[in-house]
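Working notes, structure below.
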Amino acid sequence: MSIRSTEIKSFFFSQYFSDGLRISTGILIPTLVLLWFDHFSLGIALSLGALCIAVIDSPGPVIHKRNAMGIGNICIFLVAVATGFARFNVFALGFEITLFSFAFSMLTVYGNRAANVATASLLIMVLMIDSDKPPAEVLGYSASILAGGIWYMLFSLLFFGIRPYRAAQQALGENIADIVKFLRIKADFYLPETDIDENYHKLVSQQIQVSQHQDAVRELLFKSRLMVKESTNASRILVLTFVDLVDMFEQIMATHYDYVAIREKFKNTGILIEIGGLVHQMANELENIGYAILSNTRYKHLYNFNPGLEQLKLKIDAIGKTGHETSNLVLKKILINLRDLNQEIENIFNYYNSNSSKILIQNDKSVEYSKFVSHQDFAPHIFFDNLSWSSAAFKHALRVSLVCLIGFMAAKTFSLGHHSYWVLLTIIVILKPGYSLSKQRNYQRLTGTIIGGIIGVLILVFIPNNAIQFVFLVVFMIGTYSFTRLNYVVSVTLMTPYILILFKFLGVGHLDIVKERIVDTLIGSSIAFIASYWVFPSWESEQVKESLADVIYANLNYLVKIAESITGSLVNITEYKLARKDVFVKSANLSAMFERMTSEPKSKQRHIKDIHKFVVLNHILSSYIATVASEVTVKGLHNPQADTLKLVKKSIAVLNESNKKLGGQRIEFTGEKTTATNPDAEKPTLTTAEDLLKEQLGFINKISNDIARVTDNIVQ
């Protein structure tokens, strides 16, 4: 199966398409059913409520969905009633828009799902502004919207109740696809034509995707009692697969070496090209396993890697015989990494193709999964504690409220038709806490609206058949909600013709509506773009030191766990994996912050080159620590030499000093496990593994010092 074909088929099995299909169905059913019974207006009101609650229906544990959608229904009803009455007085409406925009934008302090509740509430506020209901009908119409929201909540919960494991299965399959891309980028380091610096940039960007997807899977698996507590094979296989998948990602991270040095050293042997080819084959194998999990089908091996690994071993041994005794140590380490990676792939394959019960018993590790997910605190004091100028959420809420008021006045002054709420809607969708995200969303919204408008006009002009137009409407609708999280430009491009065709069926305007939507989008985008720069702006450079300190602290903690293992201390497997997870998450957060910083104005990009160096060095450091961790923490090391401990302590001391300069916390390590020796005595001969470990710890120390120098430049 070609990669292109696999990607297309994977999309139709993914949670993105599943979400699009579910949301579209939940919104359309009330209108279509009530149209059949000649209650079209009531159906539209119900679908409007369903549309708002669908905003809250983002991936996550079902209990979180239920709670959020329940609260969301209360909010949209109260907001609909308030807006329904406030719109009769322009000053009351302006005050309400300002107040609600601020209050709901502050809900971002409670996390993404609370932010979705806020978006749903602001959406119904905007849509109610141009409602034509008289005061006597406001409560009844708002109740209809509430009924539609309740309908969608029940429909969505039923959807997940029928197939409780499907969402986790889809997220797991998609996470495998992300790791496959990461593995392919790693493989390219061994190919002589690959630009190493450019490949590092790709690697760091892909690490962000892997981390975000792993967080999503953790939410689904470890916050769900159904997954963690129940003893069914389906739930246990999903949990164990993810645990092994994270271990595999560490193995891939651990296949990091000084690629410039090994290219120079082994350029004439041809061995690196063979290693790169073998890693690409493993990526193909893993990709097809991921597709099988995503599509819920059986899978057969594409490759048997054992003969290839044996051939590779023979070639590495031959290289060792032709050079110095230790010249092939790095190649041997790479071979060990490849064998470990092959074993991880085999483990995942066996979960779905062998005697599951036996495997589950063998792999029932006592890991406290609840510690691997964060738990949101919804205490009221968090809201009030953030009502200060030092809070980014407070400045964002102020910006949104002020800009929405300006947008409301602009819509009343400059809007072309009867859909002035599009200006406000554009502002609410585009304005994000940071400038870079607002700029990106602005570009995506404008591009999608213009392209989608052209598509919509072509369909309305050249395809007058109502039946065909309705088919287009349904396809565009499903596409809109399928691509909302996957590709926002595509989502908006599909959304615009879907709205234009919908308005045509509602008898509201025709081609004039296209001009109105584009102009209103331009007005809203312009206001939002100007505001993101001038109105209480938030620049990444203002928070970068905190992110740098966080990632150094995470690497320090990870390194200390390894140091404790070296000195003979017993490190709990849960503590070790928590330290590893923290490194991956904090590194991805730093990389994401750097990418956002590069899209900000040049005048706001402080120390951008040094921060880029820091990001790359941090990735190298994390990879080398993972390399050592796989040897020390997992496989164990006994009777460490004094020089080995000295290297670790030096690295910890250097990183502690760098973190202190950034305002971060220190981690003290004083562990000792050395035997008194005569300094004149002959030093014992190191084994191959000890020699390589010492070399890797020396490189960690070198990278730590490089990070210290870059940190000095940043804090100046």
Side-chain angles (χ1 to χ4, degrees), residues 168-169 171-187 189 203 206-218 221-222 236-257 275 278-294 299 301-303 305-306 309 333-354 359 362-363 365 367 369 372 558 573 576-585 587-588 619 622-631 633-635:
Q169 194 175 29
L172 199 58
E174 290 157 15
N175 188 218
I176 291 176
D178 284 332
I179 291 177
V180 166
K181 292 177 184 177
F182 189 87
L183 182 57
R184 292 191 197 284
I185 296 170
K186 276 282 191 178
F189 278 114
L203 196 71
Q206 187 57 32
Q207 186 183 359
I208 299 170
Q209 297 298 319
V210 173
S211 178
Q212 289 174 346
H213 245 131
Q214 284 187 344
D215 276 347
V217 179
R218 284 189 190 98
L221 292 180
F222 300 157
R236 295 295 295 146
I237 285 175
L238 289 172
V239 170
L240 290 174
T241 300
F242 178 66
V243 171
D244 278 0
L245 198 60
V246 176
D247 288 341
M248 179 191 295
F249 184 60
E250 184 188 37
Q251 288 294 339
I252 298 170
M253 287 280 288
T255 59
H256 184 93
Y257 301 94
I275 291 172
L278 190 59
V279 176
H280 272 292
Q281 284 185 340
M282 289 184 173
N284 293 338
E285 181 79 9
L286 186 58
E287 180 180 46
N288 282 276
I289 292 175
Y291 175 76
I293 293 173
L294 193 63
Y299 173 72
H301 274 306
L302 281 181
Y303 308 99
F305 293 107
N306 291 325
L309 289 169
K333 178 58 182 172
I334 292 172
L335 178 63
I336 292 170
N337 290 142
L338 292 177
R339 283 173 171 166
D340 290 342
L341 179 59
N342 182 41
Q343 185 58 52
E344 295 290 353
I345 293 174
E346 188 68 27
N347 290 344
I348 294 175
F349 173 83
N350 288 336
Y351 290 148
Y352 298 90
N353 294 273
S354 301
I359 292 174
Q362 291 173 345
N363 290 273
K365 303 168 185 175
V367 178
Y369 297 119
F372 289 84
Y558 198 18
I573 188 67
Y576 161 69
K577 291 192 173 186
L578 281 171
R580 178 184 67 183
K581 175 221 166 188
D582 201 37
V583 168
F584 292 165
V585 171
S587 296
H619 177 81
S622 302
S623 299
Y624 265 90
I625 294 176
T627 304
V628 174
S630 65
E631 289 296 317
T633 311
V634 178
K635 298 179 182 178

Heavy-atom distance under 4.5 Å between the side chains of [X] and [Y], does that happen here?
X    : Y    : answer
Q207 : L203 : no
H213 : E174 : yes
I275 : L335 : no
V217 : Q214 : no
S587 : H619 : no
D247 : V243 : yes
K581 : R218 : yes
M248 : D340 : no

How long is the straight-line distance from [atom2] of [Y] back to [atom1] of [X], given to the nearest 0.5 Å?
X    : Y    : atom1 : atom2 : answer
D244 : Q343 : CG    : CD    : 9.5 Å
L240 : N347 : CG    : CG    : 10.0 Å
I176 : I293 : CD1   : CD1   : 3.5 Å
Q206 : R184 : CD    : CZ    : 11.0 Å
Q281 : N284 : CD    : CG    : 7.0 Å
I289 : L245 : CD1   : CG    : 10.5 Å

Q | Evaluation steps, side chain to side chain contact (heavy atoms under 4.5 Å, CB included), between R236 and V239 | A | CA-CA 5 Å; R236 295 295 295 146; V239 170; 4.2 Å; yes
Q | Residue list, side chain to side chain donor-acceptor pair (under 3.5 Å) with E346, at least two apart or on another chain | A | H301
Q) Taking only residues two or more places apart in sequence, or in another chain, which ones meet Q169 in a side chain to side chain donor-acceptor pair (under 3.5 Å)? A) R166, N296
Minimum heavy-atom distance [X]-[Y], with the two atoms named:
X    : Y    : result
L238 : A168 : CD1-CB, 4.1 Å
V583 : S622 : CG1-OG, 3.6 Å
L338 : M282 : O-CE, 3.4 Å
A626 : Y558 : CA-OH, 3.9 Å

**Q.** Counterpart residues, ring pair (Phe, Tyr, Trp, His ring centres under 6.0 Å), relative to F305 (two or more places apart)
**A.** Y303
Q) Partners of F242 by ring pair (Phe, Tyr, Trp, His ring centres under 6.0 Å), sequence neighbours excluded? A) F222
Q.
Holding to side chain to side chain contact (heavy atoms under 4.5 Å, CB included), I want the full list of residues that pass it with A216, two or more places apart in sequence or in another chain.
A. none
Q. Would L341 and L183 satisfy side chain to side chain contact (heavy atoms under 4.5 Å, CB included), going step by step from the backbone distance to the final call?
A. CA-CA 11 Å; L341 179 59; L183 182 57; 4.0 Å; yes
(Q) Whether K577 and D582 form a salt bridge (side-chain N of Lys/Arg under 4.0 Å from carboxylate O of Asp/Glu) is what I want to check. (A) no
Q | Sequence-distant partners of D178, salt bridge (charged side-chain N to carboxylate O under 4.0 Å, His left out), two or more places apart | A | none
Q) Between N306 and R339, does any side-chain donor sit less than 3.5 Å from a side-chain acceptor? A) no
(Q) If you apply the rule side chain to side chain contact (heavy atoms under 4.5 Å, CB included), what do you find for S623 with K186, and how did you get there? (A) CA-CA 11 Å; S623 299; K186 276 282 191 178; 4.1 Å; yes
